[in-house]
2 protein chains.
Amino acid sequence: MSTTQGARARARIEVTAAIKDEARRRLAADGAAKLSLRAVARELGMVSSALYRYFSSRDDLLTALIIDAYDSLGQAAETARDAAAGSAPVARWTAVCEAVRSWALEHPHEYALIYGSPVPGYSAPETTVAPASRVAFALIGIVRDAHQGPGLAALPLSEALRPEAERMAADLTPGLPPEVAAALVVAWAQLFGLVGFELFGQFHRVVEDREAFFRHAVTGLAHDVGLR
Amino acid sequence: MSTTQGARARARIEVTAAIKDEARRRLAADGAAKLSLRAVARELGMVSSALYRYFSSRDDLLTALIIDAYDSLGQAAETARDAAAGSAPVARWTAVCEAVRSWALEHPHEYALIYGSPVPGYSAPETTVAPASRVAFALIGIVRDAHQGPGLAALPLSEALRPEAERMAADLTPGLPPEVAAALVVAWAQLFGLVGFELFGQFHRVVEDREAFFRHAVTGLAHDVGLR
DNA sequence: ACACAAAAGAGAGCACTGCTCTTGCTCTGG
DNA sequence: CCAGAGCAAGAGCAGTGCTCTCTTTTGTGT
């Protein structure tokens, strides 16, 4: 039911895609806050009200861009993971981390869209959670593959965190010890802290050789989750 | 020249403060993107054009709020550091980290203003760099105090990062080994990664007991910079 | 083959925004 | 005491998101 589903439906996806493309272009130029429906429509040679046939609001368009961005980043991470399939665990880990960093540097405004401050008033709809977790799952997969033998060391849990960590392990990393599950979530958040600081200018006059610095930092993260 | 500087100058500071206060209120209510000069003016019983006598543009007002936010956060960190003056290094470290987290949870929109995506098109003016580094200096101070005897272990440097780390140590942490300087910068970025993820909803359905989780994570950071 | 309904575009309009410019009023320093 | 600086007010411009109505296009069932 997909090959020839009417010329109208075909046109609809094409126009939808054209709108998103143009929006992405304007996003890259001026940032999310200045993204204007009218400007997008103008550039596409249509009138602004026509655009509402495709996206019911500006936030709706933004949400579509957010999902695409999560997917694009997730795919970059998975590609890097697969390309490093034969390497040692630490190398696979850093490969994924560096793919995240590279994607962020190439798509700064899209990165800001998904990992910066949530836009205006809205809260992310449930539709975004699956694409949002692709990077996390890529990292989890690497650690799971590596933890075959006896569990390598991660930071011991406090009593307060043990039940929480056991729940995390059950939910996210079945089969891995809770120490590792907790360490993974920590490392996941910290990875994006590093990327965000570089991207948002916090390393200005602090870190010069950012590539080397990032490599050093994510190697540390790999150790923290028990990879050697 | 400050005590009695004319009623006019006095009024000016008062009005300026009132504008910032009202702006902060609206910021907390609707977020930075929806902060409207006209609404602020309206609430203050003045007309929008009058506001331009005090701030030359919307971005100008935002910048003033940014600086205030950095200062407020910096002060919170320093207060926590001083309150824990007698404790062990790790306790002092976590006290500062938790002060940062608490401040962020209490002022989410202001946090987003300074550590979220940089607003629209602008780039932070030089005026912001000093207040922005207060948290970092609080953390550095704790580590410097603790590293009196033989340098405790931090992650060894790669050859690629050594010159960079030596520069960092010279600039930021004179007297401390370059391994520790690098680890400090890493931990600094990672701290804000943790806070940002919690604040921006990334831990939704992932981390439940966020307090315990944060404590665990920053204890790890303390270890990474060589505190025990 | 044709008519009809659904889909899409066009345009005007509302309420809002940041910002500028001109016009007056008020306070203050020489 | 009074000229000039500081300040407020109002109108106005160009832009925004979004809604409503009207017209045109287009796919499809009889």
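All chains are named by letter (A, B, ...) in the order of the sequence lines, taking the proteins before the strands, and each is independently numbered beginning at 1. Quick note: numbers below take in every heavy atom, side chains included, and nothing from hydrogens, waters or symmetry partners.
Between the CG atom of A:L35 and the P atom of D:dG17 there is a distance of 8 Å, rounded to whole Å. C:dG18 atom C1' lies 9 Å from atom CZ of B:R58, rounded to whole Å. Rounded to whole Å, atom C1' of D:dG17 lies 11 Å from atom NZ of B:K34. What separates CG of B:D59 from P of C:dT17 is a distance of 17 Å, to the nearest Å. The interatomic distance linking B:L61 (CG) with C:dT17 (P) rounds to 14 Å, in whole Å. As rounded to whole Å, 19 Å separates atom C1' of C:dT20 from atom CZ of B:F55. At whole-Å resolution of the value, OH in B:Y52 and P in C:dT22 are 17 Å apart.
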Distance-only criterion, 3.5 Å: show the donor-acceptor pairs between side-chain atoms of residues 188-197 of chain B and protein atoms not counting sequence neighbours.
none

Name each donor-acceptor pair under 3.5 Å that joins a side chain in residues 37-54 of chain A to protein atoms two or more places apart or in another chain, with its distance.
none

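Within residues 36-44 of chain B, the residues having any heavy atom closer than 4.0 Å to DNA chain C are, in order of number, B:S36, B:L37, B:R38, B:R42.
Rounding to the nearest 0.5 angstrom, the gap separating the CG atom in B:L113 from the OG atom in A:S117 is 8.0 Å. Here the CG atom belonging to A:D21 is positioned 11.5 Å from the CD atom belonging to A:E14, to the nearest 0.5 angstrom.
Within 4.0 Å (heavy atoms only), A:S57 reaches sugar-phosphate atoms of the nucleic acid but no base atom.
The existence of a salt bridge linking B:E98 and B:R101 is excluded, since no basic side-chain nitrogen approaches an acidic carboxylate oxygen closer than 4.0 Å.
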>> Protein within reach of the bases, or only the backbone? For nucleotides 3-9 of chain D, mark each nucleotide 5' to 3' as B, S or -, using heavy atoms under 4.0 Å.
In response: ---BBBB
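When all heavy atoms are compared, the tightest approach of A:C97 to A:V218 is CB-CG1, 3.7 Å.
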> Can you check salt bridge (charged side-chain N to carboxylate O under 4.0 Å, His left out) on A:R167 and B:D209, steps first, answer last?
Replying inline: CA-CA 11 Å; A:R167 199 191 43 69; B:D209 185 350; over 6 Å; no
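Residues satisfying the side chain to side chain contact (heavy atoms under 4.5 Å, CB included) criterion with B:S102, sequence neighbours excluded, are B:E106.
Judged as a salt bridge (charged side-chain N to carboxylate O under 4.0 Å, His left out), the pairs with a partner in residues 64-74 of chain A (not counting sequence neighbours) are, in order, A:K20-A:D68, A:R24-A:D68, A:D71-A:R134.
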